[in-house]
K.L.:
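I am attaching a structure below and will ask some questions about it afterwards.
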There are 2 protein chains.
Amino acid sequence: MVGNTQTEMRQRILDHATRLFAVRGFNGTSVQAVAEAVGIRKPSLLYHFKSKDALRAGVLDQMLNHWKDEIPKVLAAASTGKDRFATGVGAIISFFTADPNRARLVVREMLDSPESVREMLDTHFRPWTSMIADYIRTGQEAGSIREDVDPESWIVQVVTMCIGTIAVGDVTSALVRRRGDGDRPHPSEQMKELVRIARQSLFNTRPKESQDG
Amino acid sequence: MVGNTQTEMRQRILDHATRLFAVRGFNGTSVQAVAEAVGIRKPSLLYHFKSKDALRAGVLDQMLNHWKDEIPKVLAAASTGKDRFATGVGAIISFFTADPNRARLVVREMLDSPESVREMLDTHFRPWTSMIADYIRTGQEAGSIREDVDPESWIVQVVTMCIGTIAVGDVTSALVRRRGDGDRPHPSEQMKELVRIARQSLFNTRPKESQDG
DNA sequence: CCTACCGATCGGTAGG
DNA sequence: CCTACCGATCGGTAGG
């Protein structure tokens with residue numbers, strides 16, 4: 001358990017591969033390019049990951065493992081409906097804004113390998129989605145959440161909006177710059193509006209019967 | 001002006017290139033693959049488009065030209081605020097659902113060439129975005145639209161949600177399937193919820209002072 | 001972790 | 001619109 005250089009090198013390779021796959025795409029990134037970024041030769045990289053596809057799988061596995069730990073933590077931390085909303089949406093936003101390349105990687109993978117991502121979502125995320133949807137249905141029965149919300153679809157739309165906005169927010173911000181406003185970008189304003197849209201399409205407006213913990 | 005085979009062949013190439021670039025990505029599609037789909041040899045394709053990048057530009061130009069004609073038409077057709085919402089969101093949804101590969105192509109291009117897409121949005125779409133944002137501000141002053149809406153950001157969020165949902169809807173629908181519901185996909189339910197979210201985050205709930213034309 | 005090397009495929013050109 | 005061909009780069013292996 002001393003200097004585990006083997007594992008360290010694997011992590012270094014994964015970090016550079018994540019970044020390059022996110023920015024240039026899997027097909028736009030050569031094994032050679034990843035090796036150069038790490039500072040080793042191509043055959044050395046292929047010792048740690050026996051093929052380019054194994055490297056892709058390693059990158060995705062790393063992200064999957066993050067959420068396998070994170071989701072139960074987030075759901076356990078929040079008690080009331082409003083808390084669950086803020087904590088859940090906050091966890092997604094902070095994870096992907098901490099490194100927008102994570103969002104770009106997810107979007108690229110959905111486009112490049114839709115079937116395998118479908119399977120991954122079905123296996124690892126659908127149980128959680130069902131649980132959150134049930135929370136929403138409970139809130140609908142209690143009157144705190146709008147009756148016309150389609151729980152599963154609402155979740156998918158909000159996650160799509162989050163990941164999409166973070167993945168291509170630098171591009172779409174070209175539409176937001178006001179006249180005479182200089183070159184200042186408005187990423188946080190985008191996220192604020194996103195949260196507002198998500199919240200107001202979910203909760204009932206009447207502020208009575210608030211279920212505080 | 002009789003049998004213009006030259007232009008016809010260009011269009012055939014563009015159609016197959018659009019589909020292949022959307023599904024496999026630009027870097028994942030060889031000129032050879034496009035030529036095979038069309039039914040000609042690679043050097044013949046390169047007679048019509050002098051390089052692979054010229055082919056990419058041709059594909060994007062075609063889509064840009066669609067919206068150059070469509071946006072003014074849509075804005076002219078709608079008069080009241082609710083009409084503008086329905087017509088505008090409807091135009092985007094119907095264009096991209098007619099061929100989801102269009103949405104995939106847009107997303108891929110934003111990821112692969114963020115700077116050039118930024119420039120394109122700034123030049124060709126920002127004027128329209130500003131105009132629509134002004135409509136929203138007028139609605140805010142009249143009281144029909146929520147005061148807490150950030151007009152430009154709202155537009156970007158809704159367009160992101162539309163294109164994102166259509167581009168990867170087949171994948172994210174893996175999260176929506178209810179237990180014991182069979183394999184039936186729910187694309188239209190996704191779009192219905194999207195429209196609901198967009199509408200309810202935009203308009204004020206009080207149904208008085210409706211501005212009919 | 002390296003040097004040396006492999007067959008396959010890439011975008012593109014020559015020339016007709 | 002074709003056949004024939006180019007140098008460059010691809011993912012991956014041999015062997016140490």
Side-chain angles (χ1 to χ4, degrees), chain A residues 1-62 105 108-109 111-113 115-116, chain B residues 1-62 105 108-109 111-113 115-116:
Chain A
M1 192 93 68
V2 271
N4 194 339
T5 42
Q6 190 108 335
T7 307
E8 283 168 18
M9 181 55 81
R10 259 188 78 97
Q11 192 54 53
R12 281 180 60 199
I13 294 171
L14 282 177
D15 288 344
H16 286 283
T18 300
R19 179 176 52 82
L20 289 169
F21 287 169
V23 174
R24 308 182 194 171
F26 182 75
N27 286 315
T29 306
S30 61
V31 176
Q32 166 78 16
V34 179
E36 266 176 24
V38 177
I40 58 177
R41 305 288 181 178
K42 186 173 58 168
S44 309
L45 190 153
L46 288 167
Y47 161 75
H48 293 281
F49 297 90
K50 71 172 181 184
S51 71
K52 192 187 182 185
D53 216 72
L55 182 54
R56 184 214 284 249
V59 165
L60 294 177
D61 247 49
Q62 188 176 239
L105 196 85
R108 282 192 187 276
E109 194 62 19
L111 291 169
D112 287 345
S113 311
E115 289 175 21
S116 82
Chain B
M1 192 89 71
V2 272
N4 194 338
T5 41
Q6 190 107 334
T7 308
E8 283 169 17
M9 180 56 81
R10 258 188 79 98
Q11 191 55 52
R12 281 180 59 198
I13 294 171
L14 283 176
D15 289 344
H16 285 283
T18 299
R19 179 177 51 84
L20 289 169
F21 288 168
V23 174
R24 306 182 194 170
F26 181 75
N27 286 315
T29 306
S30 61
V31 176
Q32 166 78 15
V34 179
E36 266 177 24
V38 176
I40 58 178
R41 305 289 181 178
K42 185 173 58 167
S44 309
L45 190 154
L46 288 167
Y47 161 75
H48 292 281
F49 296 89
K50 70 173 183 183
S51 72
K52 193 188 182 185
D53 216 72
L55 182 55
R56 185 213 283 247
V59 166
L60 294 178
D61 248 49
Q62 188 175 238
L105 196 84
R108 282 192 186 277
E109 195 62 19
L111 292 168
D112 287 345
S113 310
E115 289 174 22
S116 83

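Letters A, B, ... mirror the listed sequences (proteins, then strands); counts begin at 1.
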K.L.:
Show every salt bridge (Lys or Arg N to Asp or Glu O under 4.0 Å) that has at least one partner inside residues 10-30 of chain B, sequence neighbours left out.
P.N.:
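Every candidate salt bridge (Lys or Arg N to Asp or Glu O under 4.0 Å) pair involving residues 10-30 of chain B fails, so no pair, neighbours aside, qualifies.
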
K.L.:
Output the rounded distance in Å from CG (B:Leu45) to P (D:dC1).
P.N.:
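Interatomic distance, CG of B:Leu45 to P of D:dC1: 9 Å.
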
K.L.:
side-chain hydrogen bond (donor to acceptor under 3.5 Å, both in side chains) with B:Asn27: which residues, sequence neighbours excluded?
P.N.:
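Per chain and number, B:Asn27 pairs via side-chain hydrogen bond (donor to acceptor under 3.5 Å, both in side chains) with no residue.
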
K.L.:
For DNA chain C, what dot-bracket results from Watson-Crick or G-U pairs at under 3.5 Å, with [ ] for crossers and | for inter-strand partners?
P.N.:
||||||||||||||||

K.L.:
What integer distance in Å separates B:His48:NE2 from D:dC2:C1'?
P.N.:
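After rounding, the reported distance stands at 12 Å.
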
K.L.:
Measuring from atom CG of B:Leu55 to atom CG of B:Leu46, what distance do you get when rounded to the nearest 0.5 angstrom?
P.N.:
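B:Leu55 CG to B:Leu46 CG: 8.5 Å, rounded to 0.5 Å.
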
K.L.:
Enumerate the residue pairs fulfilling side chain to side chain donor-acceptor pair (under 3.5 Å) with a member in residues 45-59 of chain B, sequence neighbours excluded, ordered by first and then second residue.
P.N.:
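Output for this query lists B:Gln6-B:Tyr47, B:Arg56-B:Glu109, B:Arg56-B:Ser113.
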
K.L.:
Looking at the side chain of A:Pro43, which of D:dC1, C:dC2, C:dG11 is the nearest nucleotide?
P.N.:
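The listed nucleotide nearest to A:Pro43's side chain is C:dC2.
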
K.L.:
Mind checking ring-ring contact (aromatic ring centres under 6.0 Å, His included) for A:Phe26 and listing every partner two or more places apart, or none if nothing turns up?
P.N.:
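ring-ring contact (aromatic ring centres under 6.0 Å, His included) check on A:Phe26 returns A:Phe21.
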
K.L.:
Rounded to the nearest 0.5 Å, how far does OG1 of B:Thr18 lie from CD of B:Gln62?
P.N.:
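One finds 5.5 Å between CD of B:Gln62 and OG1 of B:Thr18.
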
K.L.:
Within a strict 4.5 Å, meaning less than it, do heavy atoms of the A:Leu45 and A:Lys42 side chains meet?
P.N.:
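No. Closest side-chain heavy atoms not under 4.5 Å.
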
K.L.:
At their closest point, which heavy atom of A:Leu105 faces which heavy atom of A:Ala22, and how far apart are they?
P.N.:
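Answer, listing the atom of A:Leu105 first, then A:Ala22: CD1-N, 3.7 Å.
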
K.L.:
So if I take every side-chain heavy atom of A:Leu46 and compare against D:dC2, C:dG12, D:dG12, which nucleotide ends up nearest?
P.N.:
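Nearest listed nucleotide: D:dG12.
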
K.L.:
List the atom pairs, with distances to 0.1 Å, where a side-chain N or O of residues 28-41 of chain B and a protein N or O form a donor-acceptor pair under 3.5 Å, not counting sequence neighbours.
P.N.:
unit_1  : atom_1 : unit_2  : atom_2 : d
B:Thr29 : OG1    : B:Leu20 : O      : 3.2
B:Thr29 : OG1    : B:Gly25 : O      : 2.7
B:Ser30 : OG     : B:Ala33 : N      : 3.0
B:Gln32 : NE2    : B:Glu36 : OE2    : 2.8

K.L.:
Search all heavy atoms of B:Gly58 against all heavy atoms of B:Leu14 and return the closest pair with its distance.
P.N.:
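B:Gly58 and B:Leu14 have their closest heavy atoms at C-CD2, 3.6 Å.
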
K.L.:
Using whole Å, report how far NZ of B:Lys50 lies from P of C:dG11.
P.N.:
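B:Lys50 atom NZ is separated from C:dG11 atom P by 17 Å.
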
K.L.:
Between C:dC1, C:dG12, D:dC1, spot the one nearest the side chain of B:Tyr47, thanks.
P.N.:
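Nearest listed nucleotide: D:dC1.
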
K.L.:
May I ask you to list the residues of residues 21-40 of chain A, by number, that have any heavy atom positioned under 4.0 Å from an atom of DNA chain D?
P.N.:
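Listed by number, they are A:Thr29, A:Ser30, A:Val31.
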
K.L.:
When the distance from CD of B:Gln6 to P of D:dC1 is rounded to whole Å, what number comes out?
P.N.:
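These atoms are roughly 8 Å apart.
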
K.L.:
Grab the CZ-C1' distance between B:Arg41 and C:dG11 for me, whole Å please.
P.N.:
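Distance, rounded to whole Å: 17 Å.
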
K.L.:
Are there any protein N/O atoms within less than 3.5 Å of an N/O atom in nucleotides 5-8 of chain D, and if so, which ones and at what distance?
P.N.:
none

K.L.:
For the pair made of CZ in B:Phe49 and C1' in C:dG11, what is the distance, rounded to whole Å?
P.N.:
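The answer, rounded to whole Å, is 16 Å.
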
